[in-house]
Amino acid sequence: MIARFLARLLGKKITRSSRLKRINVREHGITRNHITQCALKVTDTLQQHGYQAFIVGGAVRDLLLSRIPKDFDVATNATPEQVHTLFRRSHIIGRRFRLVHVLCGNDTIEVSTFRASAQHEHHAQLSDASGRLVRDNVFGNHESDANRRDFTINALYFDPGKEEIWDYCHGMEDIRQKTLRIIGDAGTRYREDPVRMLRAARFAAKLDFTIDAHARAPIAELAGLLKNVPSARLFDETLKLLLSGHAVSVIEQLQSEGLQHSILPVLSPLLENENSREFIFAALRNTDERIQTGKPASPAFLFATLLWRPLLAQYQVRLAAKEDEHPAWHAAMQDVLERERHDMAIPRRLDGTIKEIWLLQNRFEQRGGDRAWRLLSQARFRAAYDFLLLRAETGEVEQALADWWTHFQLADDDERKTMITALAPTANPKKRRRKKTAPQPRTEPEQHE
Ligand code: ATP
Ligand code: MG
């Protein structure tokens, strides 16, 4: 009862705001049909109980740009507890921000309560010495919720009940002008959350928008603040950036502005190295292509590629120290993953897959007898083969070897037998002399089964 009264009160206050523009469906073209069933169930239920409820953020932005939204987020004036009591299959999550996840079938809708912005007066937000917010869970009204968002195009609210868009920050205009404009003072907003600088780069590249001058100017100076961001969050954001389908253009854009060092702490040491650079760009081009054509791109594969050249270097160091090939290779894998874990926070759960992809690489050359067949039946064959293609593309292995495997996969059993018999004797590992200086490390054929 009180909540409904408050909701109505807040609603009134908002509609009186001078900055608010309410845009009807004839002008913006988004209807309920564009919204998933689950998201509609959430907003309809909340509205039926007297709360305000909107689709917000990336989904509205993407629909306005005729793109398919990744997910639908809901913003409401109901508290997390109030939301939770309305949906049987829901739970409250998060510590820094308390949110509710509402489940229907396989779909999950994230519902967040309107929050106050950092500049809000009655404010209990906590920030550290650099101005970074470490806690900001203060509820606010609709307008403050719009103002605490990062970019104007991310602060558009769609009301599925009325099919209306609520725009407090001139987001519609910026969508039309293809401009990424930050809400509020750029320096302050980046200090509050340095990750917004990475988000700026990601959205500009992904949407092909221009970062407006005010939002761009402080980045060069403030990019170093990213090192204060907890590494797990940085990992998440880096992953989003690298898996955005536009990783190459994001990185090129950052490089052309000399920002790659501080803005991409994770990648810059790898990019600085001429040797790994080419391989990384080939890997990112490949990942971009996969994502743009709707193919899966796994984080494990991506990190296997990013760390491949450092791995080879580490292996050479160990060989030079007279270690045996096999233990040197295993130790080098471990070294590289542990070293990067510190800066990148690559989750340990990815280690297994990354190592499998690496370990399978040398088995591609060992095709004699039934080896090729056995390799083909490995769970990670496909990922390892994609990796091989990359190595061929960058001249690390013969293109003929990659082509052989492409052909072998497509061939029928008879043809496969012929292909194996036709192999030159040198392809049989037992008859070949190993060179310690070989560019790629070697592993024992069966060690990973
Ligand atoms: P996408 O999901 O396509 O990457 P998105 O805009 O939906 O893009 P999310 O990370 O899902 O991004 O966040 C949802 C919304 O939350 C954003 O649109 C924005 O309004 C707000 N938001 C997210 N991160 C921040 C941030 N660091 N600072 C301020 N607002 C943010
Ligand atoms: Mg989103």
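Since this is a predicted model, take the numbers as computed values, not measurements.
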Are [X] and [Y] close enough that a side-chain donor and a side-chain acceptor fall under 3.5 Å?
X	Y	answer
W308	Q361	no
D403	Q399	yes
W166	E164	yes
E415	H407	yes
T152	D174	yes

Would you find more than 12 non-hydrogen atoms of other residues, nucleotides or ligands less than 6.0 Å from [X] atom [atom1]?
X	atom1	result
Q292	CD	yes
R416	CZ	yes
E398	CD	no
L410	CG	yes
R349	CZ	no

Is it the case that the ring center of F303 lies less than 6.0 angstrom away from the ring center of F235?
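Judged by ring-centre distance (under 6.0 Å), F235 and F303 do meet the cut-off.
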Between [X] and [Y], does at least one N-O distance fall below 4.0 Å, as a salt bridge requires?
X	Y	value
R22	D159	no
R181	E173	no
R26	E163	no
R149	D145	yes

Can you tell me how far [atom2] of [Y] sits from [atom1] of [X], rounded to the nearest 0.5 angstrom?
X	Y	atom1	atom2	result
L388	E365	CG	CD	8.5 Å
L312	E396	CG	CD	5.5 Å
I30	N24	CD1	CG	12.5 Å

If you define the side chain from C-beta out and look only at heavy atoms, does anything of [X] sit under 4.5 Å from [Y]?
X	Y	result
L390	T305	yes
I182	Y190	yes
E252	F281	yes
L337	K355	yes
E237	R202	yes
L241	H246	no
R148	E143	no
T210	L180	no

Is NZ or CZ of R115 both nearer than 6.0 Å to the six-membered ring centre of F139 and within 45° of the ring axis?
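Relative to the ring axis of F139, which defines the angle, R115 lies outside at least one limit.
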Which of parallel (below 30°), tilted (30 to 60°) and perpendicular (above 60°) describes Y157 and Y168?
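The arrangement is perpendicular - the two ring planes meet at more than 60°.
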Can you say whether the rings of F408 and W405 are parallel (under 30°), tilted (30 to 60°) or perpendicular (over 60°)?
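Answer is perpendicular, since the angle exceeds 60°.
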Considering non-hydrogen atoms only, spot the tightest contact between [X] and [Y] and give its length.
X	Y	answer
D288	G245	OD1-C, 3.2 Å
T43	P160	OG1-CG, 3.4 Å
A300	I354	O-CG1, 3.6 Å
F364	L401	O-CD1, 3.6 Å
A282	E393	CB-OE2, 3.8 Å
R32	F158	N-CZ, 4.4 Å

Checking ring pair (Phe, Tyr, Trp, His ring centres under 6.0 Å) for the pair F387/F381: CA distance, chi angles, key distance, verdict?
CA-CA 10 Å; F387 200 100; F381 173 81; over 10 Å; no
Check against salt bridge (charged side-chain N to carboxylate O under 4.0 Å, His left out), R199 and D150
CA-CA 9 Å; R199 290 173 60 86; D150 47 5; 2.6 Å; yes
Stepwise side chain to side chain donor-acceptor pair (under 3.5 Å) test for Q314 and D335:
CA-CA 8 Å; Q314 186 61 20; D335 288 346; 2.7 Å; yes
Name every donor-acceptor pair, under 3.5 Å, that has one atom in a side chain of residues 99-114 and the other anywhere in the protein, sequence neighbours excluded.
{"unit_1": "H101", "atom_1": "NE2", "unit_2": "E110", "atom_2": "OE1", "d": "3.1"}
{"unit_1": "T113", "atom_1": "OG1", "unit_2": "A78", "atom_2": "O", "d": "2.7"}

Sole candidate of R380, R391, R290 that passes salt bridge (Lys or Arg N to Asp or Glu O under 4.0 Å) when paired with D386
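The salt bridge (Lys or Arg N to Asp or Glu O under 4.0 Å) with D386 is passed solely by R290 among R380, R391, R290.
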I'd like to know if the side chain of D167 reaches the main chain of H170, judged simply by a donor and an acceptor atom lying under 3.5 Å from each other, with no hydrogens or angles considered.
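Side chain of D167 to backbone of H170, a donor-acceptor pair under 3.5 Å: yes, one is there.
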Whether R98 side chain and P80 backbone form a donor-acceptor pair below 3.5 Å:
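Such a contact is absent between R98 side chain and P80 backbone.
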Run the side-chain hydrogen bond (donor to acceptor under 3.5 Å, both in side chains) test against H34 and tell me which residues pass, sequence neighbours left out.
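For H34, the residues satisfying side-chain hydrogen bond (donor to acceptor under 3.5 Å, both in side chains) (neighbours in sequence not counted) are T31.
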Starting from the C-alpha separation in whole Å, work towards a yes-or-no answer on side-chain contact (heavy atoms from CB on, under 4.5 Å) for M197 and L222.
CA-CA 9 Å; M197 293 184 271; L222 299 179; 4.1 Å; yes
Residues forming a salt bridge (charged side-chain N to carboxylate O under 4.0 Å, His left out) with R277, sequence neighbours excluded
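None.
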Stepwise, does the salt bridge (charged side-chain N to carboxylate O under 4.0 Å, His left out) test hold for K21 with E27?
CA-CA 12 Å; K21 274 204 212 107; E27 202 177 324; over 6 Å; no
Working note: I153 + L65, criterion side-chain contact (heavy atoms from CB on, under 4.5 Å); need CA distance, chi angles, decisive distance, verdict.
CA-CA 10 Å; I153 59 165; L65 293 167; 5.7 Å; no
CA sep, side-chain torsions, deciding dist, call: T179, I211, side-chain contact (heavy atoms from CB on, under 4.5 Å):
CA-CA 6 Å; T179 300; I211 306 180; over 6 Å; no
